[in-house]
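In what follows, a single structure is set out as structure tokens and then discussed.
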Amino acid sequence: MEPTVPSPKAKEEAETSPVKESLAPARGLQTGDYLTTAQGLRLPDTDHSLKAGPRGPSLLEDFHLREKITHFDHERIPERVVHARGSGAYGTFTAYGNAASVTKAGFLAEKNRETDVFVRFSTVLGSRGSADTVRDTRGFAVKFYTAEGNFDLVGNNMPVFFIQDAIKFPDVIHAAKWHPDREIPQAQTAHDTFWDFVSLHTEATHHVFWAMSDRAVPRSYRTMEGFGVHTFRLVNAEGETALVKFHWKPVAGVHSLAWEEAQITAGVDPDFHRRDLADSIDAGLFYEFELGIQVMPDSDDETFHGIDLLDPTKIVPEELAPVQPVGKLVLNRNPDNFHAETEQIAFHLGHLVPGIEVTNDPLLQGRLFSYLDTQLSRLGGPNFAQLPINRSQAPVNDNHRDGLHQSVVHRGVAPYLPNSLSGPEGPVPAGPEKGGYVNVPRLVHGEKVRANPVSFADHYSQAALFYASLTPIEQDHMVEAFTFELSKCYERAIRERMLGVLANVNTELTAKVAAGLGLPAPEGKPPVEVTPSPALAQITDRAWPVTGRVVGVIGVPDKTAAALQKALKAEGAVVRVIAPVGGEGVERTFQTARSVEFDAVVVAMATDNPQVTVLLQEAYRHAKPIGVQGDGEQTLAAAGIAVNAPGILRDPDAATLVTALSQHRVWDRVALLKPGAASAGS
């Protein structure tokens, strides 16, 4: 395919857009009209890694893939190129034992076996100093220190990814990160280069819908789902195989911030998620997740109900393959030193144990190279596994020697195999009967090609499924997110092109976004019929645990507040008293409290303080339960909030507040908050 070369006329015309690349003659490098390697070799394709057939594994000989990702992995030091902003904690994983039918991995198969873990949550795009609550995909990476060696499950809070092939990973991150000329905007996708990329690479459509959903602004890491993204192959003790997808289900349920909350929080407390994780563990309010697996037959075509299991932009609806819980994770200890532990932990999808294998997913295949390569730059050499946070709890004897930051004093003269000099102390290979990792033999065949399977060409049906599965409230939030993000793009052509993508997903969604942008809605070819997956919706009738939820009580400390505090503490909730000034029993003052900190508010005094008024108006807009006691009705009246509005609780006891908190928000109030609806005081 011939590259697009600017015409002479285009070169003469001045461009006013701040995001258009300058067409003035470049100096030095980057002057050719054709895409090349760093050595000047012209390239016919930069979208597909070299594989053994369209469905085969990626080939190590793909010099372009390796060069492209190697350069990308080493772009910035010392922080991570992606997932730089992170928070971590230690914990314990306990297996239920029911996974033994599909895997011989001991930490999953052995009932009640406890395995130490370290978990790192993160945002993808921002730098280490960015805010926690930005709209972004979140990392959910778990290092299991198993008796068979370390196993790393490196996933996200969204089950799909933007691209289908790892060779495009530098491209999507370059597009989503800040503009290189100004290094703005920070930690967000509301800009031209991101929407230019995803509107041109429509395989990103499904992930874009997740990123524009409430999933992109979680209330807490406690209420964030996790996914392994890829399909893995499990092997049981009899050598039988199955294809699986990993899920982390939060015991507290999946809940999110309102978009305005996320924006406010990024300013008033950019460490919101990090603080919640650390404070909760210190208070003994531990984070809990269940690990679940979707199990599918390991068929020759590696598909399930017509879904290509090697395509990382596709999910398997839970109604087709239920998520089977196989163990529980409890995060119960904070790191002692952020740099030594949270920052220096090194994850890698190639850290596997017997019973778990990778598949030929081309995104996964590239990640197997990229993660290891990244550590060489970020942690200064090949011995990062010797750092305390990365050390295996299983015995290690690897025959590796020397290198930067070598901390082991090796003995002997024969670090090679076989040898006749090391004697009985030398390491020997371990067969499967000794716990050695032996891949299940699989036939690999196919022509060397840069191509994808035909099934990878469906870019819209699952985005349509996701949108159709959401509740009307969540759909409205997605419309608002698309409108907000696209309105930040300077280029009208990008906004119009993205509307064309949306038109191939859902006509109603496209019309609403187009109206918000002041553009005509294009016609598309959305799927004629999709079957919704109720499991994808966050808003349900289910009551969730309130552990870690925060209730603010506006009023001076008294016996009523103390009794409420004691009763809610028994349910795992936290009560913070908000008073005009500080003093004994006061956690926040009118000056320091903001609505985003609280999941519910109880007003127990009369005040027309403007800071309290703003706090209550925000809490009302964000559909949070608001309790009122005694003279508190006067305070609500000053804020323009009717005492008979949905979610206004008169003289609530702890049980009433727990019931309200268990729904996360007052969803009945949301309809009143739409433009043109009745006001709060009506």
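With Thr592 contributing its side chain and Arg588 its backbone, the two residues share no donor-acceptor pair below 3.5 Å. The main-chain N or O of Trp210 is found under 3.5 Å from a side-chain atom of Ser213 such that the two form a donor-acceptor pair. A donor-acceptor contact shorter than 3.5 Å is absent between the side chain of Thr92 and the backbone of Val330. Not one N or O on the side chain of Arg135 forms a donor-acceptor pair closer than 3.5 Å with the backbone of Gln188. At distances below 3.5 Å, not a single donor-acceptor pair connects side-chain atoms of Lys328 with backbone N or O atoms of Leu291. In this structure a side-chain-to-backbone donor-acceptor pair under 3.5 Å is missing from His410 to Asn399. Between the Arg85 side chain and the Ser130 main chain, a donor and an acceptor come within less than 3.5 Å of each other. Put simply, the side chain of Gln324 never gets that close to the backbone of Val295: no donor and acceptor are under 3.5 Å apart. No donor-acceptor pair closer than 3.5 Å links the side chain of Glu148 to the backbone N or O of Val353. No donor-acceptor pair closer than 3.5 Å links the side chain of Asn332 to the backbone N or O of Phe286.
Ser220 and Asp276 form a side-chain donor-acceptor contact under 3.5 Å, judged by distance and modelled atom types alone. Defined by atom type and a distance below 3.5 Å, a donor-acceptor pair is present between the side-chain atoms of His247 and Gln294. Between the side chains of His273 and Thr123, no donor-acceptor pair of N or O atoms lies under 3.5 Å. Looking at Thr46 and His64, their side chains do bring a donor and an acceptor atom within 3.5 Å of each other. A donor atom on one side chain and an acceptor atom on the other are not found under 3.5 Å apart for His255 and Thr223. Between Asp62 and Ser49, the side chains place no donor N or O within less than 3.5 Å of an acceptor N or O (distance only, hydrogens not considered). Side-chain atoms of Thr359 and Thr231 form no donor-acceptor pair, as typed in the model, at a separation below 3.5 Å.
The closest side-chain heavy-atom distance from Glu343 to Arg120 is below 4.5 Å. Between Ile356 and Tyr437, every side-chain heavy-atom pair lies at or beyond the 4.5 Å cut-off. Put simply, the side chain of His206 reaches to within 4.5 Å of the side chain of Ile315, judged on heavy atoms. The shortest side-chain heavy-atom distance between Phe162 and Val124 does not fall under the 4.5 Å cut-off. Counting heavy atoms from C-beta on, the side chains of Met212 and Thr189 come closer than 4.5 Å. Within the 4.5 Å cutoff, the side chain of Met296 has no heavy atoms near those of the Glu302 side chain. Between His179 and Thr193 there is a side-chain heavy-atom pair separated by less than 4.5 Å. Contact annotation: the side chain of Ile389 approaches that of Glu341 to within less than 4.5 Å [non-hydrogen atoms, C-beta and beyond].
At a threshold of 4.0 Å, the pair Asp599-Arg219 counts as salt-bridged, since one of the basic side-chain nitrogens sits closer than that to a carboxylate oxygen. Taking a cutoff of 4.0 Å between a charged side-chain nitrogen and a carboxylate oxygen, Lys68 and Asp171 qualify as a salt bridge. Salt-bridge check for Lys249 with Glu318: passed, with a basic side-chain N closer than 4.0 Å to an acidic carboxylate O. Ion pairing of Glu225 with Arg215 is present here, as a side-chain N (NZ or NE/NH1/NH2) and a carboxylate O approach within less than 4.0 Å.
Taking the six-membered ring for Trp and the full ring otherwise, Phe140 and Phe246 have centroids separated by 6.0 Å or more. Aromatic pair Phe72/His174: centroids less than 6.0 angstrom apart.
In summary, of the residues considered (Thr146, Asn390, Asp152, Asn150), a side chain to side chain donor-acceptor pair (under 3.5 Å) with His351 occurs for Asp152 alone. Each of Asp298, Asn360, Thr103, Asn439 was compared with Arg233 under the side chain to side chain donor-acceptor pair (under 3.5 Å) criterion, and only Asp298 meets it. With Tyr221 as reference, Phe121 is the one residue of Phe289, Trp248, Phe121 to meet the ring-ring contact (aromatic ring centres under 6.0 Å, His included) rule.
For Phe144, the ring pair (Phe, Tyr, Trp, His ring centres under 6.0 Å) partners two or more places apart in sequence, or in a different chain, are Phe93, Phe107, Phe151.
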(request) Test side-chain hydrogen bond (donor to acceptor under 3.5 Å, both in side chains) on Asp402 and Gln406 and set out the steps. (result) CA-CA 6 Å; Asp402 306 336; Gln406 176 61 256; 5.6 Å; no

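For Lys245 and Phe227, the positive end is not near the middle of the six-membered ring at less than 6.0 Å and at most 45° from its axis.
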